[in-house]
2 protein chains.
Amino acid sequence: MVNRGVPEKREGTGEEAEISASQRGESRDYVLDEQVGFILRQVQQRHAALFTTRVGGDLTPTQWAVLAKLAEVGGMSQNLLGRQTAMDNVTIKGVVERLVKRGLLVTRRDPADPRRFSISLSPAGSAVYAERVGPAREVTRETLEPLDSEERDALLRLLSKLR
Amino acid sequence: MVNRGVPEKREGTGEEAEISASQRGESRDYVLDEQVGFILRQVQQRHAALFTTRVGGDLTPTQWAVLAKLAEVGGMSQNLLGRQTAMDNVTIKGVVERLVKRGLLVTRRDPADPRRFSISLSPAGSAVYAERVGPAREVTRETLEPLDSEERDALLRLLSKLR
DNA sequence: CGTTTACTGTTCGTATACGAACTAAAGCCG
DNA sequence: CGGCTTTAGTTCGTATACGAACAGTAAACG
């Protein structure tokens, strides 16, 4: 049903505004709703909404990722933490800053390398993690709820290939 | 106390981090890298990077979505456009605003309903769409490149269920 | 040893994304 | 008609996300 041949070609440039490209039929079928990037964005929006509902609006998915990673492997430098949680060094800085301000993280200068400082969970951070890891699992479960067990495995396998 | 045979490795940063929940074994296995939300975020990051490379940094995926939707179905109100492109009314406002400022969109008040105005592509907007729809297709192709044809269909089918 | 390169963290600017609260106008209904 | 609800669009505030450019230090290497 979907045209898969993909012969690339030609754009007529001199055109009138009101007649859309697809209406002229000159560009084969670029349907927004079928583009993987657009679908991905919507799935992530749904996930984020579930996260807010279940885990709570005072913790965002990115902030949770930081707490979870630190709970998982312990303290590490800010930049490494960013890499482990898929954030660039500007983003991780902001996230850490806000979590420190809320008392969930503690930072301390690394004596071996004065450029970096080690970041770890505070007792309050550990408590928040312990308290919300259940809801966080629920979010994962609910996100995948429309799929059966076999489909879930397949999806995670395929998505992981695209990371 | 649940002591499984899974040895949690410490990082060699030479510090005594808090004892993590997973190290205590009190929370069964919440591994960030296996959570669908975390994977989704990474896949979207990869897609966004490809988009910037291929389509160009002066157009974001969301801006492209607006152009593509308008090219597909023609003019419509701002809020409807937002719904069609999966943006809330605040986000779509900002996106439209920036595209109007760049001359890619035109707006005009709806005489039948003075609250709303109709948004459509300007000639310049149509030209930009025609010029970049090819690269945009490339982005979709490259994003899915790690998968074979069968896997791509499966992924899109599964993702669509989670929208 | 000193130079070059790489890494850590920073600030600045721009662009999504969304909750909350608001104005104004349309639609509905008794 | 008048009142209630819904919708279209706006403003404000906060939180990712990332490119670009920067300073300071570590590491590599000749």
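Fair warning: this is a prediction, and the values are worked out from it, not measured in the lab. Numbers restart at 1 for each chain; the letters A, B, ... are given by sequence-line order, proteins then strands.
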Salt bridge [X]-[Y], side-chain N to carboxylate O under 4.0 Å:
X      : Y      : answer
A:K93  : A:E97  : yes
A:R132 : A:D58  : yes
A:R115 : A:D110 : no

If we ignore hydrogens and angles and just use 3.5 Å, is the side chain of A:R108 paired with the main-chain N or O of A:S118 as donor and acceptor?
no

Backbone of B:G103 reached by a side-chain donor or acceptor of B:S122 within 3.5 Å
yes

Are B:L104 and B:L121 close enough that some pair of their side-chain heavy atoms sits under 4.5 Å apart?
no

For a 4.5 angstrom cut-off between non-hydrogen side-chain atoms, does B:R116 reach B:Q78?
no

How would you label the contact of A:T91 with the nucleic acid (heavy atoms, under 4.0 Å): base, sugar-phosphate, or nothing?
base

Protein-nucleic acid N or O pairs under 3.5 Å, nucleotides 7-10 of chain D:
{"residue": "D:dT7", "atom": "O2", "partner": "B:R115", "partner atom": "NH1", "Å": "2.3"}
{"residue": "D:dA8", "atom": "OP2", "partner": "B:R83", "partner atom": "NH1", "Å": "3.3"}
{"residue": "D:dG9", "atom": "OP1", "partner": "B:F117", "partner atom": "N", "Å": "2.8"}
{"residue": "D:dG9", "atom": "OP2", "partner": "B:Q78", "partner atom": "N", "Å": "3.3"}
{"residue": "D:dG9", "atom": "OP2", "partner": "B:N79", "partner atom": "N", "Å": "2.6"}
{"residue": "D:dG9", "atom": "OP2", "partner": "B:N79", "partner atom": "OD1", "Å": "3.4"}
{"residue": "D:dG9", "atom": "N7", "partner": "B:N89", "partner atom": "ND2", "Å": "3.4"}
{"residue": "D:dT10", "atom": "OP2", "partner": "B:Q78", "partner atom": "NE2", "Å": "3.0"}

Between which nucleotides of DNA chain C, read 5' to 3', does contact with chain A run, using atoms under 4.0 Å from its heavy atoms?
C:dC7 to C:dC18

Under a single-linkage rule joining Ile, Leu, Val, Met, Phe, Trp and Tyr whose side-chain heavy atoms are separated by less than 4.5 Å, which residues share a cluster with A:F38?
A:L32

Assign each of B:M87 and B:P114 to its nearest nucleotide of DNA chain C by heavy atoms, then name whichever residue's nucleotide is nearer the 5' end.
B:M87

